[in-house]
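Notes follow the structure.
So that the names make sense, note that chain A is the first sequence line, chain B the second, and so on, each numbered from 1. Since this is a predicted model, take the numbers as computed values, not measurements.
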Number of protein chains: 2
Amino acid sequence: MAKTVQKEDSTIGQNTLDGKDLSILRLLQENARITVKEISEKVHLSTTPVHERIKRMEETGVIKQYATLVDHTKVKKGLMVICYVSLKQHSKEAGDKFIKTIQELNEVIECYNISGEFDFMLKVVSEDMNAYYDFHVNRLSQIENMGHVQSVFVMGIIKQTHQLVY
Amino acid sequence: MAKTVQKEDSTIGQNTLDGKDLSILRLLQENARITVKEISEKVHLSTTPVHERIKRMEETGVIKQYATLVDHTKVKKGLMVICYVSLKQHSKEAGDKFIKTIQELNEVIECYNISGEFDFMLKVVSEDMNAYYDFHVNRLSQIENMGHVQSVFVMGIIKQTHQLVY
DNA sequence: ACTGAAAGACACAGACT
DNA sequence: AGTCTGTGTCTTTCAGT
C-alpha cells in the first residue's frame with residue numbers, strides 16, 4: 001500500500017549528521033561567535049532550523065565546547081614541552097591516583113594514555129625553562145609511583161588546529 | 001632542520017593584561033559564547049569596558065580564535081595517533097617543503113618541531129585503523145625526503161584543555 | 001522540518017562623570 | 001577608565017505550511 005521513502009540521513013533522532021549539520025559545524029569550528037543569521041545565509045536556511053540544529057548538536061554532545069583560544073606567548077606560557085611518563089606500578093589504583101594528580105596540575109594541558117614504552121604523554125606549558133624545571137622537579141617527579149620521565153621540547157609550532165570536520 | 005617563526009616579542013605598546021583582563025579571559029576560555037552582559041556582572045563592571053577590553057585583546061592577538069570544539073568520536077575521527085618523523089635532509093628547502101605538505105593534510109591537526117632524535121611530532125586523527133594505515137602508507141610516507149616514521153597510538157584521553165589562563 | 005513574523009535580549013556607540 | 005542610556009541587530013519562540 002503506502003510506500004515510505006527512506007531517507008538516509010534525516011533521522012535526527014538517531015543522531016546522524018547530515019550535510020547541513022556538517023556545514024554548520026565547519027563554520028562554527030572556525031568562529032564560535034558567528035551569528036545564527038550569518039550561518040543561515042551561508043547554508044541557505046532560515047534562522048530557525050539552524051538554531052534547532054545547533055541546539056541538537058549541543059545536546060547530543062557533538063559540540064563539546066565553545067572555547068576561546070589564547071596566544072600562549074602572550075600570557076607568559078611561551079614554553080611547550082612534551083613529556084613522557086612511565087609508572088613503576090601498573091595497578092588500577094596506582095594509575096587512577098596518577099591520573100587524578102595530573103588532572104589537577106594546571107601546567108598539564110593534555111594527557112594521553114599511549115602505546116609503546118611509556119605509559120603517558122603529557123603536553124605541558126610553562127613560562128620559561130626555570131618554571132619548567134620547577135614543575136619537573138618539584139611537582140611532576142614528586143608524584144608517587146613515578147617511574148621514568150622524558151622531556152621533549154617544542155621548538156616551533158608548524159600547525160595547530162582543532163578542525164575535525166572539513 | 002626547518003625553522004619556524006616564533007612570535008616571542010611582546011612589544012605591542014603597553015599590552016599588559018591586568019586582573020580584570022585575566023578574569024574576562026578565564027570566562028571566555030570556558031565559554032566563547034558567554035554574553036558581554038554576563039561577563040560584566042561576574043567581573044563587576046558595566047558592559048562597555050568589558051566590550052572594550054575584549055576588543056583590545058582580539059586586536060592585540062591575545063585572543064587568537066573563538067573555536068567550537070567537536071567530539072572526535074562523533075564525527076568519525078575516533079583514532080588519535082602521535083606520529084614522529086625525521087627527515088633525510090635537513091636543508092631549509094627540504095624542511096619548508098615538508099612543512100607545506102603537512103599543513104595541507106587535514107588528518108594532521110597538530111605539528112611541532114621538536115628536540116631529540118626526531119624532527120617533528122604530529123598529532124593525527126583518523127576514522128579507524130584502516131584509514132590511518134592508508135594515511136600512513138599512501139600520504140605520509142609518500143612525502144619526499146621522509147626519513148623515519150614512528151607511530152604511537154593514543155589509547156585514552158586523560159586530560160584535554162586549552163586553558164592557559166587560570 | 002522548514003518559513004516568516006514578532007518579542008525580548010543583547011551588542012555597540014555616544015554623552016557624560 | 002568607568003557608568004548610563006539609547007538604537008539597531010540578533011536570538012529565540014510561536015504560529016502556520
Give a yes/no on whether any side-chain N or O of Arg53(A) is located under 4.0 angstrom from OP1 or OP2 of dA1(C).
no
For DNA chain D, which residues of residues 31-41 of chain B approach it to below 4.0 angstrom with any heavy atom?
none
From CE of Met57(A) across to P of dA1(C) the rounded distance in Å is 13 Å
Set of residues satisfying side-chain hydrogen bond (donor to acceptor under 3.5 Å, both in side chains) with respect to Ser46(B), sequence neighbours excluded:
none
Return the set of residues passing side-chain hydrogen bond (donor to acceptor under 3.5 Å, both in side chains) with Lys37(A) (not counting sequence neighbours), or none when no residue passes.
none
Is the shortest side-chain N to carboxylate O distance from Asp71(B) to Lys64(A) below 4.0 Å?
no
Take atom CG of Leu17(A) and atom P of dA1(C), then tell me their distance rounded to the nearest Å.
13 Å
Got a sec, which residues hit side-chain contact (heavy atoms from CB on, under 4.5 Å) with Glu59(B), two or more places apart in sequence or on another chain?
Lys55(B)
Under the salt bridge (charged side-chain N to carboxylate O under 4.0 Å, His left out) test, which residues partner Lys77(B), sequence neighbours left out?
none
Measure CD/Glu52(B) against P/dC12(C) and give the value in whole Å, please.
12 Å
Test of understanding: with side-chain contact (heavy atoms from CB on, under 4.5 Å), list the residues that count as partners of Ser86(B), not counting sequence neighbours.
Phe118(B), Asp119(B), His148(B)
Just to verify, what does Tyr133(B) make a side-chain hydrogen bond (donor to acceptor under 3.5 Å, both in side chains) with, not counting sequence neighbours?
none
Applying side-chain hydrogen bond (donor to acceptor under 3.5 Å, both in side chains), name anything that partners Lys74(B), two or more places apart in sequence or on another chain.
none
Looking at Lys42(B) and Glu38(B), is any side-chain nitrogen of the basic one under 4.0 Å from a carboxylate oxygen of the acidic one?
yes
Describe the nucleic acid contact of Lys55(A) in one word from base, sugar-phosphate, nothing, applying a heavy-atom distance below 4.0 Å.
sugar-phosphate
Contact span of DNA chain D against chain B, any nucleotide atom under 4.0 Å from a heavy atom, 5' to 3', runs dG2(D) to dC4(D)
Residues pairing under salt bridge (Lys or Arg N to Asp or Glu O under 4.0 Å) where one sits in residues 81-92 of chain A, two or more places apart or in two chains, turn out to be Lys92(A)-Asp96(A)
Does Lys76(A) have any side-chain contact (heavy atoms from CB on, under 4.5 Å) partners at least two apart in sequence or in another chain, and if so, which?
Glu127(A)
Which residues, if any, of residues 42-51 of chain B bring a heavy atom under 4.0 Å of DNA chain C?
Thr47(B), Thr48(B), His51(B)
